[in-house]
Visitor: 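So that we are looking at the same thing, I have put the structure below in structure tokens.
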Amino acid sequence: MRTRPRARARTALLGVAALAASLLSAQPATARPAATKPTGAVYLDARQPVERRVDDLLRRMTLEEKIGQMTQAERAAVAEDPALVAEWKLGSVLSGGGSVPTPNTPEAWVQMVNEFQEQALSTRLGIPMIYGIDAVHGHGNVYGATVFPHNIGLGATRNPKLLEKIGKATADEVLATGIPWNFAPCICVARDERWGRTYESFSEDPALVASLETVIDGMQGRRLGDGVLATVKHYAGDGDTRYDQAVADANVGKPWWEQRYPIDQGVTVTSRGRFNSVDLAPYVVALTRHDVASVMPSFSSVDWTEDGVGNPTKMHANRDLITGTLKGRLGFDGFVISDWEGIHQIVDPADPANTALTAYKVRLGVNSGIDMFMEPNTAKQFEDLLLAEVTAGRVSKARIDDAVRRVLRVKFQLGLFEKPYASADRVGDVGSAKHRAIARQAVAESQVLLKNTDGVLPLRGNAKVYVAGRNADDIGNQAGGWTISWQGDSGDNIPGTTILDGIREVAPRATVTYSADASAPTAGSDIGVVVVGETPYAEGYGDVGGPECGWCTVPQQEEKSLRLQPGDRAVVDKVCSAIDKCVVLVVSGRPQVLTDQLGQIDALVASWLPGSEGAGVADVLFGKRPFTGRLSMTWPRDEAQVPINVGDADYRPLYPYGWGLRTDAPRSTLDKARDAAQKAVLAGRARSDWAKLIAGADHALATGDEARAYQLLRRVPR
């Protein structure tokens, strides 16, 4: 790993802080007097069965203590006065995106978590709190952590074993900073590329999403307590919401702060049957095969077509799907954690314009089946409102007991009562060489070779390479959102290797000329490598037609689009017209429409958002590893086709789901059939419905039906 110049200076400063922090004990330096716990209490006896311990503890708790266990506050709300953790009897604390201790070092994280834990243990019954964080592609909030490719790229690997390794590596780094709970993975099924969270989805195909949930096994280990508590999100249908063109049209000309999201947090309009097969299916697998113990509802709503469109229900208020389906029909015995201020979005009929907390919203959220509430800045208000609702009989004590039982059960299973404090002994796991090697492998396997005229790729090790494009040497752009900050940042925000760094590392004999805007002379170059695509974004601000992130870095404030930005298009035109052989890499969180420029591009690669290990891209460019990735999302021919997904009746994309050229020899009969099918397409010898056949074959393979996949592929050549 090459630490970039500005990152080196920051690393030096952090190194001093890390050295100082390492001298501190894992226990808080100024310990609050420990509470006198009940003598001989069953709940304190690790030899007792979990359910008996839960029964004993629940019997001893006051209503206020129970409500505290249902409440989660953001670290910033209690950091200046950690005693609030004890005063409010909090069951949990979290870090939102970009909410970090100072300095942002693994040691500082351990110390911070332990300070909060000290306060929780000082309460009457000494119930440990549980700290949670969004480590959605590695431990992205922590400076120096390994940043893996985002899920859309991992979907292209089709490698469940690799996903399990990534889950384990992520868990190791999260645990090394003292955190036992990860708000990941997202098992959403992204059905519209205009959604700003598309990159958080493994695929548009629920079968492929389900096959990659092995990441949960890596995170949690063989049983709870071996790793971190995983959370599947966002239950359910967040990737299937309907694009609201009227909202997008109304946004035009407004300042960014007045614009609305046209698809994120919207409405999934669907039948119950389709919802079960597309949106719910991955959750069934997560519960039945992977024993996930935490589920997070979606901000979105569901509107059943069976009873007429126009009466959607917010998922945070959906008792039918949370209590009836998740906890009832599917038998989920873990706990449900709300999303960030999720119940605030419930409309209170008595005060429809009120976007803050009200008693109605609290009551509806609890009675719908949510067990813990992410109330980052309104934890105490939530507790007071819920206490009043229970006292008035509008929320039953039985519902409170059910919620707290679920939370306590998981805390006992995690071993928090026996080992509540974190140790700084494992901080070296954060950003370790072993984990970066796994990430580099994932980057290489996620690269999808869409076009490769005359075998331009792989490149020769001694080639004269002209590298251009704004994403060639921008590690922030290639890492994407949820990296150090919520929306991510363009520029030098994490240590690692950019794609340009990787080219220079992997091909030391190559002559490399770099010019971001292609203003440097191109004469004498054998090959042009143009790296274009998107700048970072996260939920809402990544929606096409939605608000731009006004507080983000300047490059991120561009209007989001399914087409390459004008500057990117200009660089592609300039390099590909000046150099005989031209390779274009698209670094993005979703497919980009570039059909009109395809004729001048010799090789086209979907690089997705590779994260901190850009050398993995160079590995496949120069043949150190073969191209093996296949599209996890359909690549549209034009914007008018969107949404377009495998299984559509009218399916004629530029590249279908499952498309991906290989640069190694096929290893199986199925690989040979796929290669033959794709060669027939490129040679103009394929049936008119070839795209549907190739996509259908990959869907069949994801469901485990290799025979059908083979049959469909064999039908492609005419």
Side-chain angles (χ1 to χ4, degrees), residues 186-192 194-198 200-201 203-206 209-210 231-247 260-287 292 294-332 336-349 352 355 360-361 363-371 373-374 539-540 543 643 645 647:
C186 181
I187 57 171
C188 52
V189 182
R191 305 287 288 182
D192 190 324
R194 291 170 292 188
W195 186 40
R197 305 189 79 156
T198 295
E200 293 188 54
S201 173
S203 178
E204 68 193 37
D205 184 355
V209 172
T231 305
V232 287
K233 63 184 188 182
H234 302 89
Y235 180 85
D238 55 334
D240 201 13
T241 54
R242 180 175 289 183
Y243 190 83
D244 193 329
Q245 188 62 52
V247 169
R260 294 167 52 207
Y261 305 161
I263 185 168
D264 189 42
Q265 305 182 17
V267 181
T268 301
V269 181
T270 184
S271 67
R272 288 183 179 269
R274 183 182 176 280
F275 181 85
N276 290 345
S277 62
V278 173
D279 305 304
L280 186 63
Y283 292 90
V284 177
V285 174
L287 269 59
V292 74
S294 176
V295 175
M296 181 182 291
S298 175
F299 283 125
S300 59
S301 305
V302 174
D303 192 349
W304 303 122
T305 55
E306 285 88 345
D307 59 5
V309 175
N311 55 340
T313 301
K314 275 284 183 185
M315 190 59 67
H316 277 74
N318 201 319
R319 179 177 171 81
D320 173 33
L321 288 175
I322 296 175
T323 297
T325 297
L326 181 65
K327 293 181 174 180
R329 183 160 63 88
L330 298 180
F332 177 60
V336 177
I337 170 71
S338 81
D339 207 335
W340 182 280
E341 296 183 344
I343 62 170
H344 294 217
Q345 296 190 12
I346 297 171
V347 176
D348 186 336
T355 58
Y360 174 85
K361 297 178 184 184
R363 176 171 71 252
L364 196 57
V366 175
N367 286 338
S368 294
I370 299 172
D371 304 306
F373 291 78
M374 191 182 292
E539 54 193 298
D543 284 2
N645 295 288

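The structure presented is a predicted model; accordingly, all values stated were derived computationally and were not measured.
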Visitor: Are any of the side-chain nitrogens in R242 or D303 under 4.0 Å away from the carboxylate oxygens of its partner?
Guide: no
Visitor: How far apart are the closest heavy atoms of A317 and L364, and which atoms are they?
Guide: CB-CD2, 3.6 Å
Visitor: Would you say that Y243 contacts P643 through its side chain, given a criterion of any heavy-atom pair below 4.5 Å between the two side chains?
Guide: no
Visitor: Quick one: does any side-chain atom of S338 pair with a main-chain N or O of F373 as donor and acceptor, under 3.5 Å?
Guide: no
Visitor: If we only count heavy atoms from C-beta on, is the D279 to R274 side-chain gap below 4.5 Å?
Guide: yes
Visitor: Could you tell me whether the side chain of E306 and the main chain of R272 form a donor-acceptor pair under 3.5 Å?
Guide: yes
Visitor: Using only atom types and a distance under 3.5 Å, with no angle test, would you say the side chain of T198 pairs donor to acceptor with the backbone of W195?
Guide: yes
Visitor: If you look at every heavy atom in S294 and I337, which pair is closest and at what distance?
Guide: OG-CG2, 3.6 Å
Visitor: Quick check against the 3.5 Å criterion: does Y235 have a side-chain atom that pairs as donor or acceptor with the backbone of L321?
Guide: yes
Visitor: Which value, rounded to the nearest 0.5 Å, describes the distance between M315 atom CE and D320 atom CG?
Guide: 9.5 Å
Visitor: Does the T241 side chain pair with the main chain of D264, one donor and one acceptor, at a distance under 3.5 Å?
Guide: no
Visitor: At what distance, to the nearest 0.5 angstrom, does OG1 of T313 lie from CH2 of W304?
Guide: 9.0 Å
Visitor: For R363, what residues pass the side-chain hydrogen bond (donor to acceptor under 3.5 Å, both in side chains) criterion, not counting sequence neighbours?
Guide: E389
Visitor: For the CG atom of D240 and the CD1 atom of I263, what is their distance to the nearest 0.5 Å?
Guide: 9.0 Å
Visitor: Taking T268 for its side chain and G237 for its backbone only, find out whether a donor-acceptor pair lies under 3.5 Å.
Guide: yes
Visitor: Could you tell me the separation between the NE2 atom of H234 and the CG atom of D339, rounded to the nearest 0.5 Å?
Guide: 4.5 Å
Visitor: Do you know the tightest heavy-atom contact between V247 and P262?
Guide: CG1-CA, 3.8 Å
Visitor: For the side-chain contact (heavy atoms from CB on, under 4.5 Å) test, which of K361, K314, H316 pairs with Q345?
Guide: K314
Visitor: Can you find a heavy atom in the side chain of L326 that is under 4.5 Å from one in the side chain of L287?
Guide: yes
Visitor: How close do A281 and S277 get, heavy atom to heavy atom, and via which atoms?
Guide: CB-O, 3.5 Å
Visitor: If you look at every heavy atom in G239 and C188, which pair is closest and at what distance?
Guide: N-CB, 4.3 Å
Visitor: With sequence neighbours excluded, tell me which residues meet salt bridge (Lys or Arg N to Asp or Glu O under 4.0 Å) with D192.
Guide: R194
Visitor: What's the shortest heavy-atom distance between I343 and I370, and which atoms?
Guide: CG2-CD1, 4.2 Å
Visitor: Any side-chain heavy atom of E539 within less than 4.5 Å of one from D238?
Guide: no
Visitor: If only atom types and distance count, is the side chain of S271 paired as donor or acceptor with the main-chain N or O of T305 below 3.5 Å?
Guide: no
Visitor: Do the side chains of V295 and T231 get nearer than 4.5 Å, heavy atoms only?
Guide: no
Visitor: Is the shortest heavy-atom distance from the side chain of Y283 to the side chain of T325 under 4.5 Å?
Guide: no
